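A short write-up of the structure that comes next.
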Amino acid sequence: MPEARTIDEWIDDAVTSTAVYDIHTHLYPANFGPLMLWGIDELLTYHYLIGESIRASRIDYEKFWAMDKGAQADFIWKTLFVERAPISEACRGVVTVLHRLGFDPASKDLAGFRDFFRSQTPQSYIDRVLKLANVHTVTMTNDPLDPTEREIWLKNPERDPRFKAVLRIDPLLLGWPNVGSALSALGYSAGPDVGERSVSELRRFLNEWIDRIDAQYVAVSLPPTWNYPDADPCTRVLKLAVLPVCRERNLPFAMMIGVTRQANPQLRLAGDSLGKADITSVERICADHPNNKFLCTMLSRENQHELAVTGRLFPNLMVFGCWWYVNNPSLIEEITAMRTELLGPTFIPQHSDARILDQLIYKWEHSRAIIGSVLKSKFIDLANAGWNVTKDEVDRTVKSFLSDNFTRFLNH
Ligand code: RAT
Ligand code: ZN
């Protein structure tokens with residue numbers, strides 16, 4: 001029987017050396033031009049840090065938004081890293097990134113950091129970051145109704161095989177009746193009412209865009225009030241267009257549930273809140289569509305236990321990630337331990353949600369450490385219970401968590 005120290009070493013090795021398939025980010029490859037965000041000014045103006053700096057400084061919203069990006073980054077650096085200790089998770093992330101790139105973050109030499117980023121090219125910086133973060137594939141979030149993104153796709157950009165696409169359809173489910181006119185402006189004869197004609201045009205839209213971007217799955221974020229089934233356009237579009245198309249094409253449908261958009265609009269992207277959602281909607285959609293595959297993550301801590309239990313009940317449901325406001329060390333640890341106890345190795349513990357390329361470095365370094373520590377405690381408990389834990393078993397478990405559970409689910 002291996003000693004606890006040996007098991008710890010196996011896990012540390014596996015967790016660091018296994019390359020990650022990051023199943024949800026907001027990143028783009030270099031040839032997507034302005035959509036690819038990277039570098040120190042983008043890192044500092046991450047919406048999490050915008051929210052934190054406005055709160056800490058009590059600056060007027062208008063005064064903050066009137067600054068250009070460089071001035072906002074200066075302000076956030078001064079407010080959160082110079083005047084105060086950067087002890088929040090989002091602040092610590094910037095410190096980890098700078099450190100891993102070889103800087104002494106304590107030098108507080110923002111001008112020096114900027115010089116380094118100015119000397120990088122987007123393409124080679126992607127190689128460097130993916131290597132440092134040990135991430136082999138990054139899943140984007142692609143919205144064909146976003147005019148900038150749409151223009152780029154319509155030019156058939158060359159694909160970087162490390163960046164996979166996902167068709168994100170929030171407005172198609174939640175934006176009725178207005179989305180009807182947005183679709184008809186693009187040549188789909190959809191009206192405001194989700195009638196039969198709109199439904200068949202929606203299916204055409206979905207199929208065309210799945211093909212164009214080679215989508216790996218179709219995704220939506222939903223409010224805590226989401227109810228399924230309901231007498232609303234969302235249920236109708238799901239039942240008649242989204243789920244049949246996903247089924248025909250064997251694509252998962254990803255539900256990210258619990259976001260209340262724009263609870264404080266003054267904060268713009270940083271102004272979204274959260275709430276506890278009704279798990280019975282997840283149960284019903286999985287039960288009613290056994291031939292569909294679902295990915296699901298939930299935003300409120302209060303939903304995490306019932307989501308893990310729901311995962312036990314439905315093999316067609318893949319529980320994934322610690323999303324956004326639960327992507328913090330104390331909660332990742334709690335959620336990952338609980339999911340392991342209820343689901344064994346059959347879930348996807350984490351995604352990064354990175355919006356800025358460099359964030360892959362910290363989001364994965366921080367998450368790997370926690371996934372490793374949860375696995376150590378579980379494998380040592382197992383050894384103490386009398387099981388002969390092997391290195392192969394440890395390696396397979398880590399690979400399932402960081403990459404294989406997702407590819408197996410896609411291919412099933
Ligand atoms: O985590 C985030 O950055 C959020 O702003 C959202 O993008 C969220 O993850 C989403 O995909 O809606
Ligand atoms: Zn996201």
Side-chain angles (χ1 to χ4, degrees), residues 35 139-157 164-257 259-262 277-278 280-296 316-317 410:
L35 295 182
T139 309
M140 304 179 274
T141 296
N142 305 104
D143 176 4
L145 295 182
D146 174 84
T148 312
E149 174 150 16
R150 187 183 162 76
E151 275 313 301
I152 296 176
W153 284 113
L154 290 175
K155 290 189 187 127
N156 286 324
K164 305 286 189 205
V166 159
L167 184 59
R168 178 81 174 240
I169 57 163
D170 296 22
L172 296 190
L173 291 175
L174 306 170
W176 296 93
N178 296 348
V179 70
S181 39
L183 285 169
S184 55
L186 298 176
Y188 298 88
S189 56
D193 60 333
V194 208
E196 235 168 79
R197 179 83 187 140
S198 302
V199 166
S200 75
E201 285 291 272
L202 271 172
R203 293 169 66 120
R204 180 164 76 87
F205 176 89
L206 293 168
N207 276 312
E208 283 177 5
W209 278 94
I210 287 169
D211 287 336
R212 179 178 294 284
I213 70 177
D214 190 17
Q216 293 211 299
Y217 61 87
V218 177
V220 68
S221 71
L222 294 160
T225 49
W226 176 63
N227 188 32
Y228 185 92
D230 209 342
D232 62 357
C234 179
T235 293
R236 197 169 154 76
V237 174
L238 279 171
K239 271 196 178 157
L240 300 177
V242 175
L243 295 178
V245 168
C246 286
R247 206 158 50 232
E248 281 153 23
R249 315 208 36 155
N250 196 26
L251 297 179
F253 176 57
M255 303 173 292
M256 306 172 69
I257 309 170
V259 53
T260 308
R261 296 285 177 196
Q262 295 299 283
D278 179 4
T280 60
S281 290
V282 180
E283 291 166 358
R284 279 192 297 258
I285 201 167
C286 293
D288 290 354
H289 305 278
N291 297 323
N292 274 95
K293 299 187 281 193
F294 296 92
L295 286 153
C296 187
N316 59 335
L317 171 64
L410 286 183

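What you are looking at is a predicted structure, and each value in this text was computed from that prediction instead of being measured.
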Q. For residues 180-195, which residue pairs qualify under side-chain hydrogen bond (donor to acceptor under 3.5 Å, both in side chains), counting only residues two or more places apart or in two chains?
A. Tyr188-Glu208, Ser189-Arg197
Roughly how far, to the nearest 0.5 Å, is the [atom2] atom of [Y] from the [atom1] atom of [X]?
X      : Y      : atom1 : atom2 : result
Ile169 : Leu173 : CD1   : CG    : 4.0 Å
Asp214 : Trp209 : CG    : CH2   : 13.5 Å
Leu251 : Leu167 : CG    : CG    : 9.0 Å

Going by the rule side-chain hydrogen bond (donor to acceptor under 3.5 Å, both in side chains), which residues pair with [X] if we only count those two or more places apart in sequence or in a different chain?
X      : result
Lys164 : none
Asp288 : none
Asn316 : none
Thr139 : none

Q: Not counting sequence neighbours, list each pair that qualifies as a salt bridge (Lys or Arg N to Asp or Glu O under 4.0 Å) and has a residue in residues 225-237.
A: none
Q: Please list all pairs passing the salt bridge (Lys or Arg N to Asp or Glu O under 4.0 Å) test where one or both residues lie in residues 165-182, with sequence neighbours left out.
A: Arg168-Asp170
With side chains defined as the heavy atoms from C-beta onward, is the minimum distance between [X] and [Y] less than 4.5 Å?
X      : Y      : answer
Val220 : Leu238 : no
His289 : Phe294 : yes
Leu222 : Leu174 : yes
Arg284 : Asn227 : yes
Ile285 : Met255 : yes

Looking only at heavy atoms, what is the nearest atom pair of [X] and [Y], with distance?
X      : Y      : value
Leu410 : Asn250 : O-ND2, 4.0 Å
Leu145 : Leu183 : CD2-CD2, 4.4 Å
Val166 : Met140 : CB-O, 3.3 Å
Trp176 : Pro192 : CE3-O, 3.8 Å
Cys246 : Phe253 : SG-CB, 4.2 Å
Glu149 : Asp143 : OE1-N, 3.2 Å

Q: Ignoring hydrogens and angles, tell me if any N or O in the side chain of Ser198 forms a donor-acceptor pair with the backbone of Gly191 under 3.5 Å.
A: yes
Does [X] have any salt bridge (charged side-chain N to carboxylate O under 4.0 Å, His left out) partners at least two apart in sequence or in another chain, and if so, which?
X      : result
Glu196 : none
Glu201 : Arg204
Arg249 : Asp211
Arg212 : none

Q: Evaluate side chain to side chain contact (heavy atoms under 4.5 Å, CB included) for Asp146 paired with Trp153, printing each intermediate quantity in order.
A: CA-CA 11 Å; Asp146 174 84; Trp153 284 113; over 6 Å; no
**Q.** Results of side-chain contact (heavy atoms from CB on, under 4.5 Å) for Thr225 - residues two or more places apart only
**A.** Pro223
**Q.** Evaluation steps, side chain to side chain contact (heavy atoms under 4.5 Å, CB included), between Leu240 and Val194
**A.** CA-CA 10 Å; Leu240 300 177; Val194 208; over 6 Å; no
